[in-house]
Amino acid sequence: MSGSNARIAPVEPGAPTADAPELASSARPRRPLMTIRGLRKSFDDAVVYDDFGVDLPLGQFISIFGPNGCGKSTLINMISGLMPMDAGEVLYDGQRISETRISYVFQNYREALFPWARAIDNIHYPLKVMGVRRAERKRRIDKLLSDFEVRIDLNAYPYQLSGGQQQTVSILRALVTEPEVLFLDEPFSALDYEMTIAMRAQLQKIFMKTKTTMLLVSHDLDEAIELADKVVLLSRRPTKVAEIVEIDLPWPRTLDVTTGEPFMALKRHCLDRFWQEVKK
Ligand SMILES: Nc1ncnc2c1ncn2[C@@H]1O[C@H](COP(=O)(O)OP(=O)(O)OP(=O)(O)O)[C@@H](O)[C@H]1O
């Protein structure tokens, strides 16, 4: 690997990542981890995961990238609790998913938003379900909107907004509960290029401000690298972690960063590894 900014940590299934060995011996504060152990999942005869395991640090932006159909969406659906696993355990800093505040942003924002509710009411919805009073809801939402300088007519209905605006509303709705972990399954893949670039910048801003743990599934390697502290490269099925690639690039990921030599070296490395997996 030629990129000076890349630290590559191969990971055996179930083994600790590069972050974990430091924990036992180091005097530095313990870094909380998301721990996945013994995960199994099959659909009919197709074994997608068989004793899959990995530790990932919380508070980081993690991208998941791998061959088509290797189980990227299945993975985040299982670890977010949307889909049952056949076996295995997922802990967030020792807590089960039911004890962890999570949110999910879906690829298909058109189906994710309530079409009969104005954008602002879509954002209020999760807080309403949580029983938060109106004044407190308004306070939290006003803060969210000012933090992220949202310039959308929130009195509009979803169909009156552009795709990017609708996905922004979905992300705001996901953030309003102040999740500890935010799952994003190809959130920008239905948007045009210009909107995608703008939304990546917005998501970066949100991450830098909140440091919410983000787990992003992306088909776009540039996007996976641009947004991440770590890219988890998955193998073909039965799926294992092929490698965890440290994206040790400065934030924010400006045009200079995303067109610079260290970025290109990381991309070359990830692509090499990806093709090795695809050809297996
Ligand atoms: N509900 C389901 N029922 C049956 N098979 C499923 C189901 N969900 C996923 N699969 C299968 O499991 C495998 C992994 O699917 P998944 O969508 O997680 O992969 P992916 O890596 O996200 O795919 P892609 O790269 O195409 O987005 C695929 O072969 C898929 O057909």
Side-chain angles (χ1 to χ4, degrees), residues 10-11 13-14 17 34-54 56 61-90 92 97 102-112 163 167 170-171 174 181-193 195-196 199-200 203 213-228 230-245 247 266-267 269-280:
V11 170
T17 62
M34 172 191 305
T35 314
I36 303 171
R37 288 281 179 273
L39 196 148
R40 291 180 200 280
K41 184 75 183 178
S42 298
F43 294 107
D44 302 321
D45 288 339
V47 178
V48 182
Y49 290 99
D50 182 15
D51 197 19
F52 176 94
V54 67
L56 296 168
F61 202 122
I62 313 278
S63 293
I64 299 168
F65 188 79
N68 272 353
C70 72
K72 300 179 287 296
S73 299
T74 300
L75 181 65
I76 68 164
N77 288 341
M78 286 190 295
I79 64 182
S80 62
L82 283 183
M83 181 188 273
M85 9 186 180
D86 296 343
E89 182 178 61
V90 181
Y92 296 83
I97 187 73
I102 63 142
S103 284
Y104 202 113
V105 176
F106 297 92
Q107 176 183 9
N108 196 341
Y109 50 82
R110 287 198 175 82
E111 287 174 15
Q167 194 57 308
S170 297
I171 293 174
V181 187
L182 181 61
F183 296 92
L184 304 118
D185 190 358
E186 295 183 52
F188 311 138
S189 60
L191 302 177
D192 63 39
Y193 189 67
M195 194 54 82
T196 300
M199 293 298 292
R200 285 183 197 167
L203 189 59
T213 307
M214 306 253 180
L215 258 91
L216 169 81
V217 168
S218 180
H219 271 128
D220 181 321
L221 185 55
D222 284 278
E223 175 172 288
I225 297 173
E226 175 182 334
L227 291 172
K230 284 182 170 59
V231 175
V232 178
L233 290 174
L234 296 178
S235 70
R236 273 202 179 286
R237 296 192 325 238
T239 304
K240 306 283 179 201
V241 175
E243 235 177 77
I244 296 180
V245 182
I247 309 299
L266 283 163
K267 185 174 171 183
H269 177 82
C270 290
L271 265 180
D272 262 3
R273 201 68 186 80
F274 173 78
W275 282 116
Q276 281 172 30
E277 289 306 321
V278 167
K279 284 183 204 150
K280 268 184 188 167

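Counting starts at 1 for both ligands and their atoms, in listed order. All values reported here derive from a predicted model rather than from experimental measurement.
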Pick whichever of Gly69, Ser73, Ser42 has a heavy atom sitting closest to atom 23 (O) of ligand 1. Gly69
May I ask you to check if ligand 1 and Leu75 share an N or O to N or O distance below 3.5 Å? no
Regarding Asp272 and Lys267, does a basic nitrogen lie under 4.0 Å from an acidic carboxylate oxygen? no
The option among Phe65, Tyr49, Phe43 carrying the non-hydrogen atom nearest to atom 4 (C) of ligand 1 is Phe43
If you compare all heavy atoms of Gly53 against all heavy atoms of Val241, which two are closest, and at what distance to 0.1 Å? O-CG2, 4.3 Å
Between Tyr92 and Phe183, what is the ring plane arrangement, given parallel below 30°, perpendicular above 60°, and tilted in between? perpendicular
Answer with yes or no whether Ala46 contacts ligand 1, where contact means a heavy atom under 4.0 Å from a ligand atom. no
Any idea which protein heavy atom is nearest atom 16 (P) of ligand 1, and the distance to it? Thr74 OG1, 3.6 Å
Quick one: does any side-chain atom of Ser218 pair with a main-chain N or O of Glu223 as donor and acceptor, under 3.5 Å? no
Run through Ile244, Val245, Ile247, Ile64 and flag the one making a side-chain contact (heavy atoms from CB on, under 4.5 Å) with Lys230. Ile244
Residue Glu186 vicinity, atoms of ligand 1 by number, heavy atom under 4.0 Å: 27 (O)
Atom 19 (O) of ligand 1 [closest protein heavy-atom partner, distance rounded to 0.1 Å]: Gly71 N, 3.2 Å
Would you indicate which of His219, Lys72, Arg237 comes nearest to atom 27 (O) of ligand 1 when only heavy atoms are counted? His219
With a cut-off of 3.5 Å and sequence neighbours excluded, list every side-chain donor-acceptor pair involving residues 40-49.
residue : atom : partner : partner atom : Å
Arg40   : NH1  : Asp50   : OD1          : 2.2
Lys41   : NZ   : Pro84   : O            : 2.7
Tyr49   : OH   : Gly71   : O            : 2.6

Applying salt bridge (Lys or Arg N to Asp or Glu O under 4.0 Å), name anything that partners Lys280, two or more places apart in sequence or on another chain. Glu277
Return yes when at least one protein heavy atom is under 4.0 Å from atom 11 (C) of ligand 1, and no when none is. yes
Which part of Val48 is near ligand 1, with near meaning a heavy atom under 4.0 Å away: side chain, backbone, both or neither? side chain
